[in-house]
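Down below is the structure, laid out as structure tokens.
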Amino acid sequence: MPLPQLRALQNARLQEQVAYVYGRVPFYQQKFDALGVHPSTFRGLEDLPKLGFTKKTDFRDNYPFGLFAVPQTEVARLHCSSGTTGKATVVGYTAHDLDIFAEVVARSLAAAGCRPGMKMQNAYGYGLFTGGLGIHYGAEKLGMTVIPVSGGGTDRQLQLLQDFQPEVLCATPSYAQVLAEEIRRRGISHDALNLQYAVLGAEPWTEAIREQVESGLRVRASNIYGLSEIMGPGVSQEAVDERGTGSYLWEDHFYPEVVDKDTGEPVAEGELGVLVLTTLTKKAMPILRYWTNDITNIYYDHSVSRTHVKMGPIRGRSDDMLIIRGVNFFHTQVEDILQGLAHVSPYYQVVASRRGAMDEVEVRVELAEELMRELGLATVTADAIRQHDCLQTLQGTFAKKIKDNIGLSMKVTLLGFGELPRSEGGKLNRVQDLRKLK
């Protein structure tokens with residue numbers, strides 16, 4: 001769709017949505033009255049910043065159904081977010097919303113290389129999490145055959161990959177890593193598999209993980225992005241032939257902004273900030289200017305295939321950003337450094353702690369299984385590190401790269417292969433901030 005036509009569509013849908021929520025959702029009516037905003041004078045996109053932000057706390061304050069715009073008799077499905085603190089974030093869908101949900105997921109899967117008639121093994125969790133069912137119905141809408149395995153159960157996943165011969169795997173990137181590792185460990189021939197594509201999402205990931213998954217599964221891996229508060233998976237998608245250049249954000253349904261995390265003011269195109277999303281077509285629970293906490297940027301790539309805006313990879317969450325001795329960093333920066341380091345596995349963990357008034361960071365990283373075997377190590381101890389110059393060199397090299405690239409001194413702890421947690425199909429937490437426990 002030409003951009004002027006897309007803007008006109010967005011403008012009309014936004015004006016309609018503002019009037020819709022003002023008349024149906026007391027939270028927004030009170031909010032707009034306090035801000036001096038009324039649908040009769042709202043001019044669309046140019047007035048969008050006047051609406052303020054909707055934040056996670058607003059969901060908790062209106063738990064469970066206070067943000068709904070339709071009677072419960074019109075709600076076709078309920079989901080909850082996978083939040084770890086406080087009350088769950090409840091989201092609802094009308095039948096119309098579920099059609100849109102399936103449409104944007106089908107659109108995403110098509111961009112990822114999927115085609116009607118292909119088989120897709122869905123290793124996202126089913127249930128209250130939006131991932132499993134969201135991907136499921138989108139794949140069916142595209143005309144694919146869905147294998148609804150859900151998350152975890154690695155033995156069964158591998159058996160079905162061999163028996164059912166799916167062309168597509170959908171999973172979290174950390175679980176795709178686990179499957180790739182197990183295929184190698186068990187000596188499963190890639191000739192026994194039919195995988196061509198992997199559609200990965202639900203957690204931030206980097207080019208290092210893409211490289212491992214693509215080589216380990218012999219696929220082309222692309223990123224799918226979404227969040228329960230807005231819809232679920234299918235808000236944006238990386239095109240399989242444009243990997244590494246950003247994900248198309250389906251802005252005919254979800255209007256994006258990127259704002260400064262401290263001031264809330266818009267940033268220039270391409271600059272990093274907090275992603276803010278507005279639903280333009282959702283009816284059960286429309287959300288205006290939702291502060292996602294995800295740090296990214298948006299920009300127009302002038303692609304020949306699509307006119308939608310692109311968003312960069314999620315660098316982290318603004319509330320998960322670690323501030324250590326005045327330096328801001330995300331754990332994905334450690335992951336980027338690992339990509340260029342030999343003799344280590346792709347698994348790591350960042351641990352922040354405080355000694356007295358001083359913040360400290362430890363990076364725990366596993367040795368590669370091949371190096372463990374070569375050195376004859378069953379585990380990694382301080383004595384083993386002292387006895388092997390290569391381990392001391394590896395430890396020092398990694399610490400120096402962290403210091404040079406991030407600007408912080410961090411303790412590097414070498415662990416044996418397999419000692420760090422693996423994904424069981426859900427999201428993998430790579431950061432422990434022990435300072436929050438004190």
Side-chain angles (χ1 to χ4, degrees), residues 173-174 176-178 180-181 184-185 203-216 221 244 295 313-316 320-355 358-423 428-435:
S174 56
Q177 283 182 290
V178 169
E181 180 184 304
R184 181 188 61 80
R185 287 170 60 86
E203 60 191 17
W205 55 297
T206 63
E207 291 301 317
I209 293 179
R210 191 202 304 273
E211 183 178 322
Q212 192 212 6
V213 170
E214 290 194 335
S215 62
I295 301 292
I314 301 299
R315 307 301 177 92
D320 287 343
M321 181 180 70
L322 292 172
I323 303 175
I324 307 295
R325 301 189 291 278
V327 177
N328 301 343
F329 86 99
F330 296 100
H331 69 84
T332 50
Q333 292 175 270
V334 172
E335 195 168 287
D336 286 336
I337 296 170
L338 269 179
Q339 182 180 11
L341 205 63
H343 307 307
V344 295
S345 88
Y347 298 97
Y348 69 95
Q349 189 175 59
V350 176
V351 181
S353 60
R354 180 169 290 133
R355 179 181 296 179
M358 182 67 70
D359 289 337
E360 297 181 342
V361 180
E362 176 190 12
V363 180
R364 299 170 181 170
V365 61
E366 295 180 347
L367 296 184
E369 190 174 21
E370 295 81 3
L371 182 60
M372 296 277 292
R373 192 181 302 117
E374 180 183 324
L375 298 178
L377 298 176
T379 186
V380 179
T381 63
D383 284 342
I385 294 174
R386 282 192 292 268
Q387 291 170 13
H388 296 281
D389 291 342
C390 64
L391 297 185
Q392 296 178 47
T393 300
L394 177 62
Q395 200 171 33
T397 298
F398 191 25
K400 184 176 186 303
K401 284 182 176 289
I402 290 173
K403 174 67 173 176
D404 291 345
N405 287 273
I406 300 177
L408 284 170
S409 296
M410 301 186 192
K411 176 185 177 183
V412 173
T413 300
L414 300 180
L415 301 175
F417 182 82
E419 291 189 36
L420 287 174
R422 287 344 189 222
S423 171
L428 184 62
N429 184 13
R430 299 186 188 272
V431 178
Q432 285 188 357
D433 192 346
L434 303 182
R435 300 171 302 172

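Small disclaimer: the values here were computed from a predicted structure and weren't measured.
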Student check: side-chain heavy atoms of [X] and [Y] closer than 4.5 Å:
X	Y	value
Gln392	Ile385	yes
Leu420	Ser345	no
Phe417	Arg373	no
Val334	Ile406	yes
Leu377	Leu391	yes

*Return yes when atom NE2 of His388 has more than 12 non-hydrogen atoms of other residues, nucleotides or ligands closer than 6.0 Å, and no otherwise.*
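Result for NE2/His388: enclosed.
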*May I have all residue pairs that pass salt bridge (charged side-chain N to carboxylate O under 4.0 Å, His left out) and include part of residues 329-347, sequence neighbours excluded?*
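Applying salt bridge (charged side-chain N to carboxylate O under 4.0 Å, His left out) to every pair that reaches into residues 329-347, excluding sequence neighbours, yields Glu335-Arg430.
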With sequence neighbours excluded, what pairs up with [X] under the salt bridge (Lys or Arg N to Asp or Glu O under 4.0 Å) test?
X	result
Asp389	none
Lys400	Asp404
Arg364	Glu362
Glu211	none

For the [atom1] atom of [X] and the [atom2] atom of [Y], what is their distance to the nearest 0.5 Å?
X	Y	atom1	atom2	result
Tyr348	Leu341	OH	CG	13.5 Å
Glu360	Leu408	CD	CG	12.0 Å
Asp383	Arg386	CG	CZ	4.5 Å
Leu375	Cys390	CG	SG	4.5 Å
Leu414	Phe398	CG	CZ	9.0 Å

_Using only atom types and a distance under 3.5 Å, with no angle test, would you say the side chain of Gln432 pairs donor to acceptor with the backbone of Val351?_
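The answer is no, because no donor-acceptor pair under 3.5 Å joins these two groups.
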*Check: Glu366 main-chain N/O paired with Glu419 side-chain donor or acceptor under 3.5 Å*: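 Here the side-chain-to-backbone pair does not exist.
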_Tell me whether Glu181 is salt-bridged to Arg184, with the criterion being a basic N under 4.0 Å from an acidic carboxylate O._
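So Glu181 does not pair with Arg184 through a salt bridge.
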Would you name the heavy atoms of [X] and [Y] that are closest together and state the gap between them?
X	Y	answer
Ala342	Leu394	O-CD1, 3.5 Å
Leu338	Pro346	CD1-O, 4.4 Å
Ala221	Arg210	O-NH1, 2.7 Å
Thr413	Gln395	CA-NE2, 4.4 Å
Pro421	Tyr347	O-CD2, 4.4 Å
Ser423	Ser174	CB-OG, 3.2 Å

*Check against side chain to side chain contact (heavy atoms under 4.5 Å, CB included), His343 and Leu367*: CA-CA 6 Å; His343 307 307; Leu367 296 184; 5.8 Å; no
*With sequence neighbours excluded, what pairs up with Thr393 under the side-chain contact (heavy atoms from CB on, under 4.5 Å) test?*
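In terms of side-chain contact (heavy atoms from CB on, under 4.5 Å), with neighbours along the sequence ignored, Thr393 is linked to Thr397.
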